[in-house]
Novice: 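Supplied in structure tokens, the structure appears directly below.
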There are 4 protein chains.
Amino acid sequence: MDRKVSPAATASPAKTASTANPPSPQRADNRRAQVIAAAARQLRENGYASTSMRKIASEAGILAGSIYYHFLSKEDLMSAVHDEGLKKISTSVRRAMEKESDPWLRLEAACAAHTGAILEADDFAGVVLADISRVSPDLQKLLNEQRNGYEEVFRVLIDELDLPPSVDRSLFRLSLLGSLNHASRWYKPDGRSPAEIAKTFVRMLRSGVGQ
Amino acid sequence: MDRKVSPAATASPAKTASTANPPSPQRADNRRAQVIAAAARQLRENGYASTSMRKIASEAGILAGSIYYHFLSKEDLMSAVHDEGLKKISTSVRRAMEKESDPWLRLEAACAAHTGAILEADDFAGVVLADISRVSPDLQKLLNEQRNGYEEVFRVLIDELDLPPSVDRSLFRLSLLGSLNHASRWYKPDGRSPAEIAKTFVRMLRSGVGQ
Amino acid sequence: MDRKVSPAATASPAKTASTANPPSPQRADNRRAQVIAAAARQLRENGYASTSMRKIASEAGILAGSIYYHFLSKEDLMSAVHDEGLKKISTSVRRAMEKESDPWLRLEAACAAHTGAILEADDFAGVVLADISRVSPDLQKLLNEQRNGYEEVFRVLIDELDLPPSVDRSLFRLSLLGSLNHASRWYKPDGRSPAEIAKTFVRMLRSGVGQ
Amino acid sequence: MDRKVSPAATASPAKTASTANPPSPQRADNRRAQVIAAAARQLRENGYASTSMRKIASEAGILAGSIYYHFLSKEDLMSAVHDEGLKKISTSVRRAMEKESDPWLRLEAACAAHTGAILEADDFAGVVLADISRVSPDLQKLLNEQRNGYEEVFRVLIDELDLPPSVDRSLFRLSLLGSLNHASRWYKPDGRSPAEIAKTFVRMLRSGVGQ
DNA sequence: GATGAATGAGAGTTCATTCAT
DNA sequence: TATGAATGAACTCTCATTCAT
């Protein structure tokens with residue numbers, strides 16, 4: 001309820017904080033990583049409210065109470081997972097973009113990477129996409145800041161497009177991201193690939209389906 | 001957890017069942033309706049896992065235990081709300097469509113109605129959009145069938161459009177619905193109206209934003 | 001932490017509130033009484049911080065969770081016990097006073113009753129005397145109000161004494177009550193009776209021990 | 001819970017033991033002293049049950065586990081604080097007494113010192129007054145012996161008074177100490193000073209307030 | 001002398017659910 | 001139809017304590 005989330009946890013590449021007892025910089029915080037991984041799996045599978053510290057702990061091979069050595073609270077842990085997830089997805093997107101120079105191709109590449117990341121079996125992505133409208137307001141604010149930081153890249157990509165002035169770039173971005181993120185609700189691995197889906201969505205929006 | 005959902009609860013126009021003790025046919029099942037309404041409000045506001053039977057009951061003016069006269073379980077109640085929500089939104093969309101005859105305008109009208117329903121203060125519509133990936137598999141299957149039944153109307157609307165053969169109508173539908181449903185994550189009442197948003201999205205997809 | 005104590009719980013003879021689910025007025029709230037009694041015993045024996053809801057419950061023959069049907073929280077329960085204890089002691093003191101008319105004898109009688117109550121094996125009295133300087137501020141304030149209400153009777157009794165103007169009646173009262181309450185730390189049932197102790201203390205303060 | 005208190009820890013002027021690993025005799029047991037000081041502050045502020053080893057440790061600038069190098073257990077630490085506190089207050093009282101030769105003035109001086117110690121910001125004195133009725137029986141016995149040792153000085157002071165044979169010196173002592181110790185419950189720094197309070201209480205008992 | 005990391009028990013509390021009345 | 005009262009399991013979190021390093 002109160003500020004149990006360490007506010008320093010951002011998606012920036014800088015050193016992540018959010019530890020109950022900060023471990024000495026370099027030394028094997030693999031246990032911390034294990035806990036984060038276990039939490040990601042549980043969060044992806046059961047959502048925040050239905051994920052229990054006990055299950056996370058048992059998946060990480062420790063007892064529930066021991067998690068509190070590494071994290072201040074459930075919310076703090078959730079925030080760390082979210083942070084990690086965004087970093088992963090963000091890196092993947094940025095890497096994909098850099099290979100292209102044409103604005104529309106850059107957007108396509110970014111969307112393909114984004115969609116690939118969220119549809120892969122990667123547990124972290126699921127957390128990043130999750131509906132957070134019901135976690136505590138404090139945590140919500142934090143996660144939204146993290147998300148906005150990430151989505152900034154799409155804002156920039158769309159700014160670089162040569163569009164008629166009548167187009168509302170903001171609505172364009174929201175429409176596109178909505179289409180892509182929604183794919184996690186219907187995607188089946190035996191159909192079109194995430195990259196194909198993403199590119200098709202971008203092209204539909206670029207050229208229109210009418211006529 | 002176990003199959004406590006009465007399997008007869010579908011979105012079909014037939015009389016919905018799913019009652020613990022069927023009340024005398026005609027007479028005042030207004031209590032039942034009150035409970036459903038209270039549940040809708042709570043589900044919309046807090047999500048499934050964080051909604052308690054006690055809060056629902058107290059909002060309906062009865063005690064928690066009394067709900068079990070009307071419903072078999074929490075999941076059964078959830079299912080009833082979902083059912084009701086789909087019926088409402090479905091009716092609203094159908095009514096809006098019927099006023100138009102041009103296929104694209106019919107689609108626009110339907111999308112506007114859909115978006116209006118899910119973004120406005122109607123508690124039931126919120127449930128329709130809710131992420132159900134964590135309720136019990138049984139219930140999940142049931143709700144997904146209900147949702148597919150509802151989305152059928154968009155399939156038909158899109159089938160009636162005159163589109164080039166290269167267009168994948170299925171992806172088009174998924175892209176459009178994704179954009180619209182995603183709006184619940186960023187919509188603010190002081191900006192563009194739900195109908196405007198919906199129409200803009202349809203037109204973007206129809207004509208494209210490029211050049 | 002937050003206002004989990006029903007503020008209506010006062011030592012006044014009026015109807016006590018502070019129930020989670022108010023039982024129908026008259027009907028057997030003997031379970032509630034049992035819980036209060038068990039809590040009194042535990043509180044007297046172990047103090048607030050060391051008394052667990054589980055132990056209270058098991059002594060009352062129910063499960064820990066069931067207490068929350070009758071009380072909002074541990075603090076609410078503590079408050080109810082305190083209230084009850086003050087009522088008991090208050091009644092006893094008032095009854096004793098009424099039999100005397102001479103101011104000093106009235107004071108003696110009241111002190112004898114007070115001391116008798118807190119030294120008896122009555123669990124409630126122990127709670128009334130307990131140091132509450134470390135329970136939550138909210139609860140502390142509430143209990144202090146209850147206590148001040150009770151001590152008012154001594155203020156009145158002392159006001160009615162014919163004392164030289166040099167005497168600080170407030171310090172007199174605090175000295176007297178301090179002596180009496182402190183007895184719970186050293187009293188042994190095989191020595192002087194509570195009434196004798198109390199009367200001796202009053203007389204020492206009245207006439208002095210010097211010369 | 002079990003007998004984890006080193007039995008050698010008494011208020012005797014002999015070297016106090018009660019160490020887990022006796023440090024090299026002379027050298028810097030300043031860490032030990034720091035821990036004791038931190039514990040005194042926490043115990044005074046939060047009471048025994050609500051004081052955690054972690055908080056004590058963090059206030060002493062070490063980790064919780066490290067306390068166990070210096071002390072066998074929480075109770076052992078508590079006992080050390082109590083011991084230290086009694087020594088401090090005892091010294092202060094004795095020093096004040098020595099300046100007076102008249103028996104009543106000696107008593108007044110001692111009471112003033114006693115009251116000053118327990119009401120002022122000295123953390124150790126607060127522990128001396130603490131209700132110890134709920135620590136383990138072993139520790140309780142130990143602390144009570146320490147306290148009795150301390151109160152001996154008042155026994156002696158009162159023995160030296162010239163009192164009528166009808167006066168029960170024991171009850172006189174208990175009444176006086178009760179009044180004084182009770183002051184910690186109502187004392188406010190902006191009112192009368194501890195010394196004034198103490199002297200007033202002694203004089204009331206000496207001369208009486210009556211007539 | 002101290003740390004990092006964990007243990008295991010137990011804390012207060014909430015929950016869906018049951019059932020006699 | 002609803003209530004009063006309880007169940008039992010689960011929840012997040014805190015604690016004193018241990019021990020290899």
Side-chain angles (χ1 to χ4, degrees), chain A residues 1 4 20-24 27-29 31-32 49-55 57 61-75 77, chain B residues 1 4 20-21 23-24 28-29 31-32 49-57 61-70 72-75 77, chain C residues 1 4 20-24 27-29 31-32 49-57 61-70 72-75 77, chain D residues 1 4 20-21 23-24 28-29 31-32 49-57 61-70 72-75 77:
Chain A
M1 303 258 157
K4 281 261 195 150
N21 299 32
S24 57
R27 285 230 299 99
D29 46 348
R31 237 341 164 357
R32 192 175 194 272
S50 299
T51 288
S52 82
M53 295 299 264
R54 274 199 238 297
K55 266 182 251 157
I62 56 178
L63 292 188
S66 308
I67 295 186
Y68 291 84
Y69 179 78
H70 302 279
F71 300 92
L72 292 169
S73 64
K74 190 184 176 185
E75 295 211 334
L77 173 52
Chain B
M1 304 263 154
K4 283 264 197 148
N21 300 28
S24 53
D29 46 349
R31 250 308 157 39
R32 194 176 193 272
S50 299
T51 288
S52 81
M53 296 296 266
R54 276 201 236 298
K55 265 182 246 155
I56 294 172
I62 57 178
L63 290 191
S66 310
I67 295 185
Y68 290 81
Y69 179 81
H70 303 282
L72 292 170
S73 66
K74 191 182 175 187
E75 294 213 332
L77 173 51
Chain C
M1 305 257 157
K4 282 261 194 151
N21 299 33
S24 56
R27 284 232 299 101
D29 46 348
R31 240 334 163 6
R32 191 176 193 273
S50 299
T51 288
S52 83
M53 295 298 266
R54 280 197 232 295
K55 265 183 250 156
I56 294 173
I62 56 178
L63 291 189
S66 308
I67 295 185
Y68 290 82
Y69 179 78
H70 303 280
L72 293 170
S73 64
K74 189 184 177 186
E75 295 211 333
L77 173 52
Chain D
M1 301 265 152
K4 282 263 195 147
N21 300 28
S24 53
D29 47 347
R31 250 307 154 43
R32 190 173 195 274
S50 299
T51 288
S52 83
M53 296 296 265
R54 274 200 238 298
K55 266 182 247 156
I56 293 173
I62 56 178
L63 291 191
S66 310
I67 295 185
Y68 290 82
Y69 178 81
H70 302 282
L72 292 169
S73 66
K74 191 182 176 188
E75 293 213 331
L77 173 52

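Residue numbers begin at 1 in each chain, while the letters A, B, ... track the order of the sequences.
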Novice: Output the rounded distance in Å from CD1 (D:Ile67) to P (F:dC15).
Specialist: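 So the two atoms are 13 Å apart, to the nearest Å.
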Novice: Would you mind reading off the distance between C:Leu63 atom CG and F:dA9 atom P, rounded to a whole angstrom?
Specialist: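 Between P of F:dA9 and CG of C:Leu63: 9 Å.
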Novice: Give, for atom CZ of A:Arg32 and atom NE2 of A:His70, the distance between the pair rounded to the nearest 0.5 Å.
Specialist: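 Going from the CZ atom of A:Arg32 to the NE2 atom of A:His70 covers 9.0 Å.
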Novice: Can you check the A:Tyr68 OH to F:dT14 P distance for me, whole Å?
Specialist: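 Computing the A:Tyr68:OH to F:dT14:P distance gives 7 Å.
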Novice: To the nearest 0.5 Å, what is the distance between CD1 (B:Ile56) and OG (B:Ser52)?
Specialist: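 So the gap between those two atoms works out to 7.0 Å.
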Novice: Does C:His70 make a side-chain N or O approach to OP1 or OP2 of F:dG4 shorter than 4.0 Å?
Specialist: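 Answer is no, no contact under 4.0 Å.
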Novice: Contact class for D:Ile62 vs. all strands (heavy atom < 4.0 Å): base, sugar-phosphate, or nothing?
Specialist: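 Answer is sugar-phosphate: D:Ile62 comes under 4.0 Å of backbone atoms only.
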Novice: With a 3.5 Å cut-off and just heavy-atom distances, do the side chain of D:Arg31 and the base of E:dG1 make a donor-acceptor pair?
Specialist: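 Answer is no: no donor-acceptor pair is held.
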Novice: Would you kindly compare C:Gly65 and A:Ser50 by the position of their nearest DNA chain F nucleotide and give the one closer to the 5′ end?
Specialist: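 Counting from the 5' end, the first nearest nucleotide belongs to C:Gly65.
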Novice: Rounded to whole Å, how long is the line connecting atom CD1 of C:Ile56 with atom C1' of E:dG10?
Specialist: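 Roughly 15 Å, once rounded to whole Å.
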Novice: Hey, does the side chain of A:Arg54 come within less than 4.0 Å of F:dC11's phosphate (OP1/OP2), counting only N and O?
Specialist: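 So the side chain of A:Arg54 is within the cut-off, an N or O lying under 4.0 Å from OP1 or OP2 of F:dC11.
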Novice: Output the distance between atom CZ (B:Arg54) and atom CD1 (B:Ile67), rounded to the nearest 0.5 Å.
Specialist: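 Spacing of CZ (B:Arg54) from CD1 (B:Ile67) equals 10.5 Å.
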Novice: Measure from OH on D:Tyr69 to C1' on E:dA2 and round the result to the nearest Å.
Specialist: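 Spelled out: OH on D:Tyr69 to C1' on E:dA2 is 10 Å.
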Novice: State whether C:Ser52 places a side-chain N or O below 4.0 Å from either non-bridging phosphate oxygen (OP1 or OP2) of E:dA11.
Specialist: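 The answer is yes; a side-chain N or O of C:Ser52 sits under 4.0 Å from OP1 or OP2.
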Novice: Between F:dT7, F:dA16, E:dA5, which nucleotide gets closest to the side-chain atoms of D:Lys74?
Specialist: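 Of the options given, the side chain of D:Lys74 lies nearest F:dA16.
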Novice: In terms of side-chain heavy atoms of B:Met53, which of E:dG12, E:dA16, F:dT7 is nearest?
Specialist: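 The answer is E:dA16.
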Novice: Hunt down any stem DNA chain E takes part in, defined as 3 or more consecutive Watson-Crick or G-U pairs whose two distances are each under 3.5 Å.
Specialist: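 Stem list for DNA chain E: E:2-21 with F:2-21.
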Novice: Just checking C:Thr51: base, sugar-phosphate only, or nothing, at a heavy-atom cut-off of under 4.0 Å?
Specialist: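 Sugar-phosphate contact only - C:Thr51 comes under 4.0 Å of backbone atoms but never of a base.
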Novice: Please give, in whole Å, the distance from F:dC13 P to A:Leu77 CG?
Specialist: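 One finds 10 Å between P of F:dC13 and CG of A:Leu77, rounded.
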Novice: Please report, rounded to the nearest Å, how far the C1' atom of E:dA16 is from the CD atom of B:Glu75.
Specialist: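 Rounded to the whole Å, the gap is 11 Å.
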Novice: Nearest 0.5 Å, please: how far is OG in C:Ser66 from CG in C:Leu63?
Specialist: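 Reported value, rounded in 0.5 Å steps: 5.0 Å.
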Novice: In terms of the nearest nucleotide of DNA chain E, which residue is placed more toward the 5' end: A:Gly61 or D:Ala64?
Specialist: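 Mapping each residue to its closest nucleotide by heavy atoms, the 5'-most match is D:Ala64.
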Novice: Check the phosphate of F:dT7 against C:Ser66, side-chain N and O only, distance under 4.0 Å to OP1 or OP2. Yes or no?
Specialist: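 Result: yes.
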